[in-house]
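The figures here come from the full heavy-atom set of this structure, side chains too, leaving out hydrogens, waters and symmetry mates.
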Amino acid sequence: MGRVSKFSLSLAMLLSAIAFSGAFAGAEQINIRINQQYRGGDMMGIRREMERAGYNTQDYDLQSVTIVADGAGAVDLLVNRQVEDRGRLREDGYRNRDGTFSLSLRNSRPRQSEGPWQLGFLNRANMNIHWLVVDVVRRGDRRPPPRGDRVYSVRLDSLAGGRLNGVWSAPDGEQIVDMRLVNQHSNDACVR
């Protein structure tokens, strides 16, 4: 494995689980095996898949969803029938060792995640979804924001060439005042 792919892999592993401390102390990650083909125009109900796996979706707010798939195409994350994020599996996702791709989509308004949670597959999409990784917060576990600075641990990934692919921004009303690298798994330097 070359230096760039080690860098990509390490940062890719950092992206799939976003651990919030403080206001989102009750964050959970739910892994659901899917193995289903989706084409342009198809919709996937995230809540329905969670309920099939035994979760009561009314207990949770949606933070993000990661699909692990092969194929190609664009996908929308819809919450309350509004597009919250869009990505293209091969261009915006990262390649896993087994040849599949992982694409993470973020809900920009997690506290307003009533109604349906859906993935909408755009016109030329043709992909086989193997896994769905849903990052949620249990509603009863919300804690009041701490005084002072809030700390977020964020996983980001990169594509070949060390180009940053993952994006994270502070919630409304907050600003990023400092960043630091917690874990580095690559031989190449991780720079700001």
>> Pair Ile129, Leu119 - check side chain to side chain contact (heavy atoms under 4.5 Å, CB included), show working.
In response: CA-CA 11 Å; Ile129 309 278; Leu119 293 175; 5.6 Å; no

> What's the spacing between Glu49 CD and Met44 CE if we round to 0.5 Å?
Replying inline: 5.5 Å

> So Leu89 and Val75, side chain to side chain contact (heavy atoms under 4.5 Å, CB included) or not? Walk me through it.
Replying inline: CA-CA 8 Å; Leu89 184 65; Val75 185; 5.7 Å; no

> What distance separates Ile46 CD1 from Leu77 CG, expressed to the nearest 0.5 Å?
Replying inline: 5.5 Å

>> Please determine whether side chain to side chain contact (heavy atoms under 4.5 Å, CB included) holds for the pair Arg88 and Leu103, giving the CA-CA distance in whole Å, both sets of side-chain angles, and the decisive distance to 0.1 Å.
In response: CA-CA 8 Å; Arg88 298 186 65 80; Leu103 174 68; over 6 Å; no

> Got a second to check how far Glu51's CD is from Ile32's CD1, nearest 0.5 Å?
Replying inline: 10.0 Å

> Shortest non-hydrogen contact from Ala125 to Ala74?
Replying inline: CB-O, 3.9 Å

> For Leu78 and Gly120, which heavy atoms make the closest approach, and how far apart are they?
Replying inline: CD1-N, 3.7 Å

>> Suppose we screen for side chain to side chain contact (heavy atoms under 4.5 Å, CB included). Which residues come up paired with Asn123, at least two apart in sequence or across chains?
In response: none

>> Nearest 0.5 angstrom please: Tyr60 OH to Ile30 CD1, how far?
In response: 5.0 Å

> Which atoms form the tightest heavy-atom contact between Thr66 and Ser104, and what is the distance?
Replying inline: OG1-OG, 2.6 Å

> What residues form a side chain to side chain contact (heavy atoms under 4.5 Å, CB included) with Arg48, not counting sequence neighbours?
Replying inline: Arg52

> Taking all non-hydrogen atoms of both residues, which atom of Ser102 and which atom of Asn96 are closest, and how far apart?
Replying inline: OG-ND2, 2.9 Å

>> I need the full list of salt bridge (Lys or Arg N to Asp or Glu O under 4.0 Å) pairs touching residues 75-86, with sequence neighbours left out, sorted by first then second residue.
In response: Asp76-Arg86, Glu84-Arg109

> With sequence neighbours excluded, what pairs up with Ala72 under the side chain to side chain contact (heavy atoms under 4.5 Å, CB included) test?
Replying inline: Arg90

> For Arg33, which residues count as a salt bridge (Lys or Arg N to Asp or Glu O under 4.0 Å) partner, sequence neighbours excluded?
Replying inline: none

>> When you group the ILVMFWY residues by side-chain heavy-atom contacts below 4.5 Å and let the links chain together, are Tyr55 and Trp131 in the same group?
In response: no

> What's the shortest heavy-atom distance between Thr57 and Trp117, and which atoms?
Replying inline: O-CH2, 4.3 Å

> Is there a side-chain contact between Leu62 and Val134 (heavy atoms, below 4.5 Å)?
Replying inline: yes

>> Testing the basics here: between Gln37 and Asp42, what is the closest heavy-atom pair and its distance to 0.1 Å?
In response: O-OD2, 4.4 Å

>> How long is the straight-line distance from CD of Gln29 back to CD of Gln63, given to the nearest 0.5 Å?
In response: 12.0 Å

> When clusters are formed by joining ILVMFWY residues with side-chain heavy atoms under 4.5 Å apart, either directly or through shared neighbours, do Val68 and Met127 land in the same one?
Replying inline: no

> To the nearest 0.5 Å, what is the distance between CG (Asp135) and CG (Asp61)?
Replying inline: 13.0 Å

> Which residue pairs pass the ring-ring contact (aromatic ring centres under 6.0 Å, His included) test when at least one of the two sits in residues 33-54, sequence neighbours left out?
Replying inline: Tyr38-Phe121

